[in-house]
Amino acid sequence: MHNLRCFLSRVGLFSKPGLLPWCSRKPPGWSQLFLDSACKGTFTHVTAKKCPRRQKSHKKPSCLGPLDGSWQEKLADVVTPLWRLSYEEQLKVKFKAQKKILRRLESYLQTFHGVKVTAAAAKLEGFHCLLHPIIPSVSPHILPVIDGYRNKSTFSVNRGPDGNPKTVGYYLGTWRDRNIVCIRSNHLKNIPEKHSQVAQYYEIFLRQSAMEPCLLFHEGGHWRELIVRTNSQGHTMAIVTFHPQELRQEELCVQKESIKEFFIKGPGAVCDLTSLYFQESTRTRCSHQQSPYQLLFGEPHIFEELLGLKIRISPDAFFQINTAGAEMLYRTVGKLSGVNSNTILLDICCGTGVIGLSLAQYTSQVLGIELVEQAIEDARWTAAFNGITNCEFYAGRAEKILPQLLKSKENEQLIVAVVNPARAGLHYQVVQAIRNCRAIRTLVFISCKPLGETTRNIIELCCPPNSTKKLLGEPFVLRQAVPVDLFPHTPHCELVFLFTR
């Protein structure tokens, strides 16, 4: 597996030897995957702070001008900075960025921590590990999936360019500079039309509602963000967040009934929602455990078909936002993992359990750990529905569950670990548990932000034994890296690392 064609053919992407997946419909020059220029993009991350109530703002809404194409383009340049490039050019930009990331990571490992690197593989473009070419976002039918690929979108509520505080869309600007503007998402290539439609009708509802939006917690107001989830069958789940402030329960019921009627019998009925949820939230983000999602109408879950499985997804559960790309990602993970009937697969931060469930037939047992309880319930349902009986799923913090779980399994079979943490990376105790478990000889690490906390995690996994840090086990060695594009039009990729020891 020393080149892309061999690697992808083993993953199962080619119907014939040597046939590239996009071959039948390739544009001129598609096979050239490298570009000599890179593109940088910036993203706006918004954090709402909880402030004392009852403070009123006397600042008048500012009017920044009409909503024209220039605002849409500005938003597209921030959220999807590669949108002006062809997909072929985007892949070249991304691969160049991934090479830079890997080079910096290897430098950290060698320079600062004396970490040994693999000598088994010949150096490729100066790398000690084997870097595979980027895997594009394609469907199981080998067609590129580039536009409207997101199966989940989160829309904010704030003042638009015309000063109307009941505008639904994405933010431009920063809270620090006090220049936040909310722009509709119609021009964003990664957002499906259905998501923008639901957002548009939510805005129509807000503008006819007597209740004010909640722009800042301390300024009062109620209506907040909207989340839209869809599947490949066209089903649509909408989740509306509402700050109750000091409303009585009867008043809350009136608001729930009003938005329910709007989307069932009113103008919003055109959205044809499969389900509508309502969450009362006094925080920036609330889990189902902190503040339950209340089903106003429709089906409680959304379902997806992936890797031959029917998968259940709850409103709070993590699922990769690009379904077609997720299939490519999980096939890659399966091949790199090398699981067989003599191994146990340990899936840490497993979400709805798709990686483990898709590999269950090849391994003796699957153990999954996930913080979100709803996601674990989904994983158990999916296992039962698909007749998979060799899986166990645990809900809770990995740093609490993993050490004891590994102690109970360490003297049995070899363990292959797969980790797919959030951007905050793995908890230090999780790294310790993996490092100190002799049964874990293979580790697959999936990261969407390799130079964040992932770098710290990788250094701890690969550094020489350190009794002070309680890293006693043999260090891992980085062997391979595979970029997988799940986010067309943005600079981001998932980077899959293979470690062995």
Side-chain angles (χ1 to χ4, degrees), residues 38-52 55-85 150 152-192 195-196 198-200 202-207 211-228 239-243 281-286 321 423-424 448-449 452 487-492:
C39 178
K40 295 181 180 180
T42 58
F43 287 78
T44 303
H45 300 281
V46 180
T47 304
K49 297 181 179 180
K50 195 170 183 180
C51 303
Q55 296 180 16
K56 296 293 181 180
S57 172
H58 300 288
K59 188 186 297 183
K60 294 182 180 180
S62 60
C63 181
L64 300 175
L67 180 60
D68 55 23
S70 63
W71 284 106
Q72 298 280 2
E73 289 194 6
K74 288 176 185 177
L75 179 66
D77 287 338
V78 170
V79 178
T80 53
L82 304 184
W83 71 279
R84 299 174 190 271
L85 302 178
R150 292 190 66 98
K152 179 182 178 183
S153 300
T154 302
F155 299 94
S156 300
V157 178
N158 214 300
R159 292 186 179 90
D162 61 354
N164 194 319
K166 293 183 175 181
T167 302
V168 178
Y170 280 68
Y171 284 156
L172 271 179
T174 64
W175 288 112
R176 183 184 62 188
D177 296 332
R178 299 182 181 180
N179 61 350
I180 288 290
V181 188
C182 195
I183 309 296
R184 294 171 190 146
S185 65
N186 310 62
H187 198 64
L188 296 179
K189 285 192 171 185
N190 60 346
I191 304 295
H195 292 202
S196 294
V198 177
Q200 175 189 350
Y202 182 50
E203 181 179 290
I204 291 171
F205 169 79
L206 295 186
R207 293 187 176 191
M211 290 288 181
E212 291 299 316
C214 179
L215 309 185
L216 294 172
F217 289 177
H218 69 278
E219 291 185 354
H222 303 280
W223 298 111
R224 295 180 53 203
E225 69 183 23
L226 166 74
I227 299 174
V228 182
I239 306 163
V240 171
T241 310
F242 186 90
H243 196 308
S281 174
T282 59
R283 307 181 184 185
T284 305
R285 290 284 184 274
C286 275
I321 58 101
R423 293 188 178 189
C448 63
K449 192 179 179 183
F487 317 103
H489 306 302
T490 81
H492 303 299

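Sequence positions, counted from 1, serve as the residue numbers for this chain.
- Note that CD of Glu212 is 15.0 Å distant from NE2 of His243, once rounded to the nearest 0.5 Å.
- Classification of the His222-Phe242 ring pair by plane angle, with boundaries at 30° and 60°, yields parallel.
- By the side-chain contact (heavy atoms from CB on, under 4.5 Å) test, Lys449 pairs with Arg423, sequence neighbours left out.
- Residues satisfying the side-chain contact (heavy atoms from CB on, under 4.5 Å) test with Leu216, not counting sequence neighbours, are Trp175, His218, Glu219.
- Partners of His489 according to the side chain to side chain donor-acceptor pair (under 3.5 Å) rule, which considers only residues two or more places apart in sequence or in another chain, are Gln90, Asp147.
- Considering only heavy atoms from C-beta on, Trp83 comes within 4.5 Å of Asp77 through its side chain.
- Arg159 places a side-chain heavy atom less than 4.5 Å from the side chain of Leu215.
- Looking at every heavy atom in both residues, Thr241 comes nearest to Ser281 through CG2-CB, 3.7 Å.
- Atom NE2 of His492 and atom CG of Leu82 lie 9.0 Å apart (nearest 0.5 Å).
- Residues passing the side chain to side chain donor-acceptor pair (under 3.5 Å) test with Ser153 are His195, sequence neighbours excluded.
- Every residue two or more places apart in sequence or in another chain that forms a ring-ring contact (aromatic ring centres under 6.0 Å, His included) with Phe205 is listed here: Trp223, Phe262.
- Between Leu172 and Lys74, some side-chain heavy-atom pair lies under the 4.5 Å cut-off.
- Glu203 meets the salt bridge (charged side-chain N to carboxylate O under 4.0 Å, His left out) test with Arg184, Arg207; sequence neighbours excluded.
- Residues Val157 and Pro213 share a closest heavy-atom pair of CG1-CB, 3.7 Å.
- Across every non-hydrogen atom of Gly169 and Cys182, the tightest pair is N-SG, 3.3 Å.
- Asn179 places a side-chain N or O within donor-acceptor distance of the main-chain N or O of Thr174, the cut-off being under 3.5 Å.
- The closest side-chain heavy-atom distance from Ile183 to Pro161 is below 4.5 Å.
- Residues passing the ring-ring contact (aromatic ring centres under 6.0 Å, His included) test with Tyr202: none are found, sequence neighbours excluded.
- Considering CZ of Phe487 and CG of Asn190, their distance stands at 10.5 Å, rounded to 0.5 Å.
- Between Cys214 and Arg224, the shortest heavy-atom contact is CB-CG, 3.6 Å.
- Considering CG of Leu75 and OG1 of Thr80, their distance stands at 7.5 Å, rounded to 0.5 Å.
- Ser185 pairs by the side-chain contact (heavy atoms from CB on, under 4.5 Å) definition with Phe155, Tyr170, Leu188, Ile191, Ser196, not counting sequence neighbours.
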